[in-house]
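Both backbone and side-chain heavy atoms feed into the values below; hydrogens, waters and symmetry mates do not.
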Amino acid sequence: MARSSLARISVVGFTVPLIAALLLMAGALIASDRALMRSAAAQLRIDAEQTRVAVEHALKDRAGTDLTRAELDSALRPLLLRAPAERSAAALVAGGDTILVTGRRAALRHDPHYAVAVAGPSGAVWLLTVAHGRGVAALRTAMWVLSLITVAILGVGVIRERRQAMRVSERSAELERLYSEVARANTAKSEFLANISHELRTPLNAIVGFVELLKDGVYGDLSPRQVPPVDRIAASATHLRHLVDQVLDIAKIAAGRLEVHPETLVLRPFVLNVASELESLVNERGLSFSIAVGASLPRVRTDPAHLRQILVNLIGNAVKYTPAGSVGVRARMVGASTPAGSGPRRDTPDDPFLASRSPDVRRAWIALQVVDTGVGIAPADQARIFQEFEQVNAGPRGDSMQRGTGLGLAISRRLAQLLGGDIGLESQVGKGSTFTLWLPVHPTDLEPLLAAAARPGAPVA
Ligand code: ADP
């Protein structure tokens with residue numbers, strides 16, 4: 001990613017709403033100011049009218065008489081609520097704010113003001129000018145000052161937000177740089193591991209090969225004293241080669257260098273072949289071994305080398321973690337359900353629980369299961385054992401031949417995913433484990449089975 005688009009978004013995300021808020025505030029301020037002035041003018045008109053009515057009412061008995069200044073003052077005195085703030089000629093104040101001025105338009109300090117004609121004594125017409133002693137000017141000033149302070153605070157907020165966003169942007173750029181460095185270092189590590197493992201394999205293969213030749217007596221018979229150490233060398237070298245192979249595999253997978261060469265396989269002979277290689281191991285441990293892989297299963301298109309590696313690892317683990325009891329391999333077809341009589345022949349009917357656990361319930365799968373009655377795996381450990389170097393109750397470091405690497409399941413799951421499937425696990429501590437390898441079935445490989453099932457008299461299991 002170029003310089004943090006995330007940070008750019010956050011800058012835009014903060015600044016644009018704040019600027020919009022400022023503009024809205026300015027608009028609202030101007031509108032409120034206008035409304036305030038309009039309402040002040042309206043109030044002024046109402047005050048002037050009320051004053052006119054009050055003055056005319058106070059003078060109504062004196063209509064047609066000449067009044068002295070003193071008489072006028074005393075006639076209007078009831079209207080005087082408190083000392084006038086301003087008066088001229090016969091001016092009076094009604095109400096705290098309202099100023100009455102008689103005569104022609106008087107010079108008033110107050111602005112705005114409003115003038116109404118009043119019928120005065122002796123038929124005179126007075127001009128009543130009304131203004132508010134405390135006008136709206138102070139209110140408007142307060143409103144503007146407060147608003148400008150708010151705008152200034154918001155402006156400071158915007159600037160701070162922008163600075164913050166810039167800091168986030170710099171931090172994101174730094175994190176991105178660190179991430180790409182880590183990714184580069186990880187790739188370099190995988191490359192290094194792949195190279196070193198590759199370099200180790202050649203001499204290890206030589207050691208294993210020559211030890212076998214020694215054991216076979218090609219270089220002369222071994223003395224009875226020489227046999228145990230040579231056997232030990234053979235076992236250790238084979239174990240070491242296995243470890244190096246695992247490290248090489250994981251490094252290749254991490255570097256994306258493991259290739260898949262698919263072939264079309266018939267599962268039953270394939271599984272029987274792999275199982276026969278491991279049979280001696282199972283017998284050594286005194287376990288019973290069963291294989292239930294139907295001949296009528298559809299063919300699978302997969303990489304036989306990867307499939308073999310997964311199976312060997314799962315069966316090897318089952319044997320390793322089953323002190324007594326049995327180990328079995330079974331295969332079931334899942335997810336290609338069709339109405340009875342029209343679907344592919346099944347060795348076992350669809351197991352709804354198993355079907356619900358397939359990687360994609362809309363597709364057809366073969367569930368190849370390795371079942372044991374061994375120590376089992378606690379629910380808390382079931383996810384982590386598929387991660388690299390994760391083991392449960394690993395043995396002591398010195399006992400490395402027994403200890404394993406914790407890489408087998410990680411490699412197996414990644415291989416299964418490379419093959420378009422996955423590995424699932426069901427286990428109960430003390431009762432045993434079932435590892436399920438999901439292999440996808442290509443729709444065209446289902447067709448022969450569907451055709452066979454459609455023939456009259458075809459057996460449907
Ligand atoms: P390794 O066997 O070399 O330790 P794996 O990746 O093959 O590494 O297995 C990881 C861990 O998963 C093992 O250490 C073991 O604790 C647990 N495990 C694997 N298979 C089984 C099984 N069939 N029964 C019980 N535990 C198992």
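Counting heavy-atom neighbours within 6.0 Å of Met37 CE, excluding the residue itself, gives a total of 12 or less. For Asp216, the CG atom sits in a packed shell: over 12 heavy atoms of surrounding residues, nucleotides or ligands are nearer than 6.0 Å.
Checking each of Leu281, Val329, Val271 against Ile315 for a side chain to side chain contact (heavy atoms under 4.5 Å, CB included) leaves exactly one that passes, namely Val329. Among Leu415, Thr302, Leu418, the one residue that satisfies the side chain to side chain contact (heavy atoms under 4.5 Å, CB included) test with Val260 is Leu418.
Thr373 contributes a side-chain N or O that, together with a main-chain N or O of Ser326, makes up a donor-acceptor pair within less than 3.5 Å. Between the side chain of Glu212 and the backbone N or O of Gly209 there is no donor-acceptor pair closer than 3.5 Å. Without hydrogens or angle criteria, Trp438 side chain to Gly420 main chain gives no donor-acceptor distance under 3.5 Å. Between the Ser427 side chain and the Gly432 main chain, a donor and an acceptor come within less than 3.5 Å of each other. The main-chain N or O of Ala165 is never found under 3.5 Å from a side-chain atom of Ser169 such that the two would form a donor-acceptor pair. Between the side chain of Gln382 and the main chain of Glu426, no donor-acceptor pair closer than 3.5 Å is present. In this structure, Ser236 contributes its side chain and Ile233 its backbone to no donor-acceptor pair below 3.5 Å. The backbone N or O of Val300 lies less than 3.5 Å from no partner atom in the side chain of Asp445, so there is not a single donor-acceptor pair.
Salt-bridge check for Glu388 with Arg414: passed, with a basic side-chain N closer than 4.0 Å to an acidic carboxylate O. Between Asp381 and Arg384 there is a salt bridge, with a side-chain nitrogen of the basic residue lying less than 4.0 Å from a carboxylate oxygen of the acidic one. No salt bridge links Lys252 with Glu259; every basic N to acidic carboxylate O contact stays at or beyond 4.0 Å. The pair Arg177-Glu174 meets the salt-bridge criterion, since a charged nitrogen lies less than 4.0 angstrom from a carboxylate oxygen.
Donor-acceptor pairing under 3.5 Å is recorded for the side chains of Thr444 and Arg301.
The aromatic rings of Tyr219 and Phe210 sit tilted relative to each other, their planes meeting at an angle between 30° and 60°.
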How far apart are the C-alpha atoms of Ile423 and Thr436, what are their side-chain angles, what is the distance that settles it, and do they pass the side chain to side chain contact (heavy atoms under 4.5 Å, CB included) test? CA-CA 5 Å; Ile423 295 183; Thr436 306; over 6 Å; no

Determine whether Asp422 and Leu437 satisfy the following criterion, side chain to side chain contact (heavy atoms under 4.5 Å, CB included), listing intermediate values before the conclusion. CA-CA 6 Å; Asp422 204 351; Leu437 167 63; over 6 Å; no

